[in-house]
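What you see is a predicted model; the values in this text were computed from it and never measured. Labels below follow one simple rule: chain letters A, B, ... track the order of the sequence lines, proteins then strands, and each chain is numbered from 1.
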Amino acid sequence: MPRTLIKDLGKHIGEKVKIAGWVSVRRDQGKLVFFDFRDRSGSVQGVVLPKEELAMAVAKDIRAEYVVAVEGSVGERPAQNVNVGVLNGNIELKVEAMQVLAAAESLPFDMSLTGYNLDLPTELDHRALSLRHPKVQAVFKVQAVIIGSFREFMKSQDFFEFQAPTITPAMAEGGAEVFEVSYFDHKAYLSQSPQLYKQIVMTAFERVFSVNKIFRAEPSVTTRHLTEVVSLDAEMGFIESWQDVRDMAEHCVRFILDSVKTRCVEELKLLGADVPVMIEHTPTISLADALTKLGAPADKDLNPEQERRLCEMIKQETGSDFVFVYGYPTKQKPFYVYPQKDNPAVNEGMDLLCRGVEWLSGGRRINDYTQLMDHVAKWKMDPSKIAMFLEAFRYGAPPEGGFALGAERMTMQIVGLKNIREATMFPRDMNRIDGLLSSDEKKE
RNA sequence: GCGGGCGUAGCUCAACUUGGUUAGAGCACUCCCCUGUCACGGGAGAGGUUGCGGGUUCAAGUCCCGUCGCUCGCGCCA
């Protein structure tokens, strides 16, 4: 008999079916035994009646997370036992035969829907198991929709998808620390950003995007930093100003939020998620104005506490959970960021903040080769280390800009998690690569 | 790197403030009971070097010092 998916059982009332999946829980009533069965499509209650002696004999030994194949008939539940508003709440599988496909040892923690409550280190130490919990699965289903709808949106805007390299030479883009790789007889580095590559590819394909892992060797242990993250990158030519980049970024984020709201209804409900509000025109404020608003010294960047306060103020004034901040000190940002024409000390870089956390950064880039070389010199960079990048601009590059989104940070904030590690299936940080590094031997 | 918090059963937590018989509970586990349960219910049982080391004391899970680990905040970082 072919396998029927659990979500389709409602179409087979009165029929004999076969399902296969995991046992979420057994409720033993003595003469009656109930199960919740689960497969990739959903859950259903099974009941083993006393007359099914063979099935009952098997059922008595089955515990949570056993993998089973079950044959039986789909029946409507007695009226008083219907669960309204739940998948298969009106039906149950009357078990006639059960086969154990794989046994499971007793679980190291409470996997029940109501009792699941783990400290983060325990959740991560047992990732293979915690990944089976509906609430954990919901987080990663939302994340898959975020990344998928980023792709969908960029393609709808005629952006070309390319694969950025992970192994890079020493480009010294400045900023973040990089991981060194032993590369045959040489040193190479893990990419901390596809920035220069996406600009190169832009000069050939005009509008480009990439979805790839980036790596940062920062000694940061915070609730919003990882050493390995998914970066959603976009770059576009023929802009007139940085506002064109902002508008594209805003449409992109709006599309992603709308996709999640329509495609992840059950997941958001299960997680009790409060999706951030994006209003018609996202408030946009210069860094200088933001600092004035906060009563902060004029020459600094926003610290985390100020980012939170700014977001709270904007939320109160406009109802928006998002705010664009633009115009950063030119010297404090990478060499490729475009300085304002009338005030070159300030650039056309921008960030998108949401509820105190940075979701996106981007802006306009320098496309004029002479100006670029001038910055390379001022930033004391070695042109031979970024020769490929410079070549793209030496031979004609349009006015351009782009942005990058952090997929894990978006996931974290959309579903309302406190720690980015919960929004990452296999998080890497200073203390952990799957297991805790402190339990390994240190390298000499 | 700096500062705070925490470390008790497989998991989540009590007991610590004010040191005092045998360190408790829920879930999980083992056994028993239950014909309509809703990630059940009832009964019994097993499960602990209180992270580790030292100190104070008649007596330390509890107070002190050290150490290791985790965690939160800052810094760094986008």
>> Which is more 5' along RNA chain B, the nucleotide nearest A/Asp119 or the one nearest A/Asp36? Just name the residue.
In response: A/Asp119
>> If you only use heavy atoms from C-beta on, which nucleotide in B/G75, B/C29, B/G36 is closest to the side chain of A/Ser220?
In response: B/G75
> In terms of ring plane angle, is the pair A/Phe389 and A/Phe393 parallel, tilted or perpendicular, where the classes change at 30° and 60°?
Replying inline: tilted
> According to the Watson-Crick and G-U wobble definitions, with both distances under 3.5 Å, which nucleotide is paired to B/U56?
Replying inline: none
> Counting side-chain heavy atoms from CB outward, which of B/A78, B/U35, B/G75 is closest to A/Thr222?
Replying inline: B/G75
> Should the pair A/Tyr116 and A/Phe109 be assigned to parallel (<30°), tilted (30 to 60°) or perpendicular (>60°) ring geometry?
Replying inline: perpendicular
> Closer to the 5' end of RNA chain B via nearest nucleotide, is it A/Ser24 or A/Pro108?
Replying inline: A/Pro108
> Can you check whether A/Tyr338 and A/Trp242 have ring centres sitting under 6.0 Å from each other?
Replying inline: no
>> Stacking between A/Phe109 and B/C11, defined as ring centres under 5.5 angstrom apart with planes under 30°, is that present or not?
In response: no
> Does B/U18 have a Watson-Crick or wobble mate here (both distances under 3.5 Å), and if so which one?
Replying inline: none
>> Considering every strand and a 4.0 Å limit on heavy-atom distances, what is the contact class for A/Thr122: base, sugar-phosphate, or nothing?
In response: sugar-phosphate
>> Measuring from the side chain of A/Pro219 (C-beta onward, heavy atoms only), which nucleotide among B/G36, B/G75, B/C70 has the closest atom?
In response: B/G75
> Among B/U12, B/U35, B/C29, which is the nearest nucleotide to the side chain of A/Asn117?
Replying inline: B/U12
>> Suppose we call a contact any N or O donor and acceptor under 3.5 Å apart; does that hold for the side chain of A/Arg77 and the base of B/C38?
In response: yes
>> Partner lookup for B/U30, please. Criteria are Watson-Crick or G-U wobble with both distances under 3.5 angstrom; report none if nothing qualifies.
In response: B/A44
> Taking the same atom, C1', in B/U8 and in B/G24, what whole-Å distance lies between them?
Replying inline: 11 Å
>> Are A/Phe209 and A/Phe162 an aromatic pair, judged by ring center distance below 6.0 Å?
In response: no
